[in-house]
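Read through the structure below, which is laid out as structure tokens, and then see the notes.
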Amino acid sequence: MSFSNLKRNRDSIEKLTKAIETTTQSAEAGSKDDNRMWAPTVDKSGNGMAVIRFLPAPEADGEDGLPWIRMFDHGFQGPGGWYIENSLTTLGQKDPVSEHNRVLWNSGSDRDKEIARKQKRKLSYYANIYVVSDPAHPENEGRVFLYKFGKKIYDKITEAMQPQFADEEAINPFDFWTGANFKLKIRKVEGYWNYDKSEFDKPSALLDDDDKLEKIYKNLNDLNEFSAASNFKSYDELKKRLDYTLGLRSEEHTSELQSH
């Protein structure tokens, strides 16, 4: 979709809300060395702040593209080492870890359930952002990046499009002209980053210059690459890796576990 068409036919909140509902009902590809990725920085106390703007779906994704993509992955350690892999459930396919965890959960054993919890899939989202303010790294300001975030921030986006109270106006956070900057506020709570204080600012145009906005639009990263088949191993490859991680020495052991 061209930039001129983007401005005329901007994604409605209804469309994005429908996508959120579909995502919820139906349920990592980026490298840490990928210089397209942005991440917030915290101080020694675990506090940090930045201002970012979520951006619309890239031109390459067409008119039906969404401004975010959802990914599932697994990361856990077993007797045979670490298992760090993207989950085929991202693509709506069967995944050996999910199947194995289902067996554990249904075993009736509290110990098995605890193991399944530790091995459960993790949910992440990717979107294009524009960095408005990054006090720790001001060189990032005014640039487009990919941003990986979790359910907490996704819920903030959802709440902006589906406000709970009558005096709150729904906004499309991904819109260049009527969206809003996102004030990312991080605190360390019980050893983990906490985003509860994060919030959207009042709606406003990202920039008062369509020529500059068009340049940003043409510089957006294609999100479809994250769900490309090349980022996922086959079921058999993942099963082999899982067996090795779990210390299962033969197919016989694997079959025995799955039969229970």
Side-chain angles (χ1 to χ4, degrees), residues 19-39 57-62 64-107 109 111-128 145-151 153-154 220-260:
I20 287 174
E21 292 173 351
T22 301
T23 296
T24 302
Q25 291 168 359
S26 64
E28 230 147 79
S31 166
K32 292 182 179 179
D33 296 327
D34 190 340
N35 59 15
R36 300 173 303 165
M37 299 293 295
W38 177 86
E59 183 174 13
D61 288 354
D64 295 329
L66 293 174
W68 70 82
I69 193 164
R70 183 188 65 171
M71 295 286 296
F72 288 109
D73 65 17
H74 291 280
F76 57 88
Q77 189 175 20
W82 280 92
Y83 183 97
I84 302 176
E85 302 287 351
N86 290 330
S87 172
L88 288 171
T89 59
T90 300
L91 307 179
Q93 301 175 16
K94 293 182 178 180
D95 185 90
V97 179
S98 293
E99 292 181 340
H100 177 71
N101 285 346
R102 190 177 304 114
V103 172
L104 292 173
W105 192 262
N106 292 332
S107 72
S109 165
R111 178 178 178 275
D112 285 351
K113 288 183 178 181
E114 183 59 29
I115 293 174
R117 289 189 186 96
K118 292 179 179 178
Q119 297 176 171
K120 69 178 182 181
R121 63 183 186 176
K122 296 177 177 63
L123 173 61
S124 300
Y125 298 88
Y126 290 84
N128 281 287
F145 289 92
L146 287 165
Y147 178 44
K148 176 183 177 182
F149 54 97
K151 186 178 183 301
I153 292 178
Y154 183 76
L220 297 182
N221 300 285
D222 183 5
L223 299 176
N224 287 326
E225 68 175 81
F226 290 99
S227 58
S230 58
N231 285 325
F232 298 82
K233 293 180 180 177
S234 70
Y235 180 96
D236 290 341
E237 289 174 315
L238 293 175
K239 184 67 168 61
K240 182 177 179 180
R241 180 61 199 173
L242 175 61
D243 288 349
Y244 182 83
T245 299
L246 297 178
L248 301 176
R249 293 166 296 189
S250 69
E251 293 182 1
E252 180 180 351
H253 287 100
T254 305
S255 300
E256 181 181 347
L257 175 61
Q258 291 180 331
S259 66
H260 283 81

From CA spacing to verdict: side chain to side chain contact (heavy atoms under 4.5 Å, CB included), L123, R70 = CA-CA 7 Å; L123 173 61; R70 183 188 65 171; 3.1 Å; yes
For [Y], does its backbone N or O pair with a side-chain atom of [X] as donor and acceptor, under 3.5 Å?
X    : Y    : answer
K122 : G75  : yes
N221 : N128 : no
D243 : L248 : no

Y154 vs W68 aromatic rings, parallel, tilted or perpendicular, using cut-offs 30° and 60°?
->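 Perpendicular, since the angle between the ring planes exceeds 60°.
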Which heavy atom of [X] sits nearest to which heavy atom of [Y], and what is that distance?
X    : Y    : answer
T89  : R121 : OG1-NH1, 3.0 Å
D222 : P58  : CA-CG, 4.3 Å
Q119 : N101 : NE2-OD1, 2.9 Å
L223 : I69  : O-CD1, 3.4 Å
K233 : L88  : O-CD2, 3.5 Å
Y147 : I153 : OH-CD1, 3.2 Å

Measuring from atom [atom1] of [X] to atom [atom2] of [Y], what distance do you get when rounded to the nearest 0.5 angstrom?
X    : Y    : atom1 : atom2 : value
D73  : T90  : CG    : OG1   : 7.5 Å
H100 : K239 : NE2   : NZ    : 8.5 Å
S98  : Q93  : OG    : CD    : 12.0 Å

Could you check whether any side-chain heavy atom of [X] comes within less than 4.5 Å of a side-chain heavy atom of [Y], counting everything from C-beta outward?
X    : Y    : result
T245 : F76  : yes
L146 : F226 : yes
V97  : L238 : no
Y126 : M71  : yes

Lys/Arg-Asp/Glu bridge criterion (N-O < 4.0 Å) met for K240, D236 =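 No, K240 and D236 are not salt-bridged.
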Give a yes or no on whether a salt bridge exists between R102 and E99, defined as a side-chain N under 4.0 angstrom from a carboxylate O.
->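 The answer is no: the pair does not qualify as a salt bridge.
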Qualifying residue, where the test is side chain to side chain contact (heavy atoms under 4.5 Å, CB included) with E85 and the options are E237, R241, H74 |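 Checked E237, R241, H74 against E85; only one passes side chain to side chain contact (heavy atoms under 4.5 Å, CB included): R241.
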Counting only heavy atoms not in Y244, do more than 12 sit closer than 6.0 Å to its OH atom?
->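 Counting other residues, nucleotides and ligands, OH of Y244 stays at 12 neighbours or fewer.
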Got more than 12 heavy atoms from elsewhere within 6.0 Å of NZ, K113?
-> yes
Could you please spell out the steps behind the side chain to side chain contact (heavy atoms under 4.5 Å, CB included) verdict for R117 and E114?
-> CA-CA 5 Å; R117 289 189 186 96; E114 183 59 29; 3.3 Å; yes
